[in-house]
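Everything below concerns the one structure shown next.
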Amino acid sequence: MQVHTVGEGTPEVAVVGAVHGDEPCGARAIERFLASDPEVDRPAKLIIANERALERGIRYVETDLNRALPGDPESDLYEERLAHDLATAVEGCLSLGIHSTVSYDEAFANVAYLNDRKREIAAHLPVTGIVDFTAVSDGRSVELPGFVDIEAGYQGSDAAVDNAYDCIVAFLQTTGVLPGDPPAQDPGFYEVTEAIYKEPTRTYRVRAKNFERVAPGETFATVDGDPLVADDEFWPVLMSAEGHDKLLGYRSTYHGPFSTVPVAADATDD
Ligand SMILES: [Zn+2]
């Protein structure tokens, strides 16, 4: 894990790239930011997390780092030890994690257990949507207090690096590291309700478009040529035939613009 620091003092703000080694946009955007020799008002850490997987262009070496948090320093598995190191490095920090997808070419934000700090970060990112993953959270970085992720675009694309860079700048403006005002574009808010799993050895094709409503009775995908039909309406998120070996994607509910979504009564700012 590489940890770069800008500014003087102990950082309370962190940017994390390359949690997944086959998603290089975060590491490239961090390198671009560091090369710009930025003038900062408060310190920040810029972390390139899974160097071994990044070097090899693979998602992970032994296990998925973004399902292994908060990790275990005694584990036999590299990413479980790395998850502990990462969780320790971002402890007490407002953090932005950077990912990319094979399912959607624009940037969107992922959150879980929204609290005031996470809302503030998410509200000022230049993204087209904000997705709440609380219902299916399972060791992801977004479960950490103060942590918001973005999916910056298609894996390996230059556009994903540009989107990631823009999100880093906006995030560092929101957290007072960089001068200037971040955007406030009020993207839509989607709440994931469940995962859609694939059956092994079968061939899937996705017909629905991510973030676009699937109506009841609509065929949203096919499996070995047979239709998969929606019982109820939903909005697909991270849905793709090739993105994951077990997962086709997620169903979500659209709740309207982010600014109109009420704060949950039990949201604690821990
Ligand atoms: Zn990722």
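For ligands, and for the atoms within them, numbers begin at 1 and follow the listed sequence.
- Between Arg28 and Glu31 there is a salt bridge, since a side-chain N of the basic residue sits under 4.0 Å from a carboxylate O of the acidic one.
- Ring orientation note: the planes of Tyr254 and Trp235 are tilted relative to one another, at an angle of 30° to 60°.
- Atom CG of Asp226 sits in a crowded spot, with more than 12 heavy atoms from other residues, nucleotides or ligands closer than 6.0 Å.
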side-chain contact (heavy atoms from CB on, under 4.5 Å) between Val15 and Ile98, worked out: CA-CA 8 Å; Val15 174; Ile98 301 169; 3.8 Å; yes
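- More than 12 heavy atoms of other residues, nucleotides or ligands shown are found within 6.0 angstrom of CG on Asp224.
- Within a radius of less than 2.8 Å around the Zn ion (ligand 1), the protein N, O or S atoms are His20 ND1, Glu23 OE1, Glu23 OE2, His99 ND1.
- Of the possible donor and acceptor atoms, none in the side chain of Glu106 sits under 3.5 Å from a partner among the backbone N and O of Val127.
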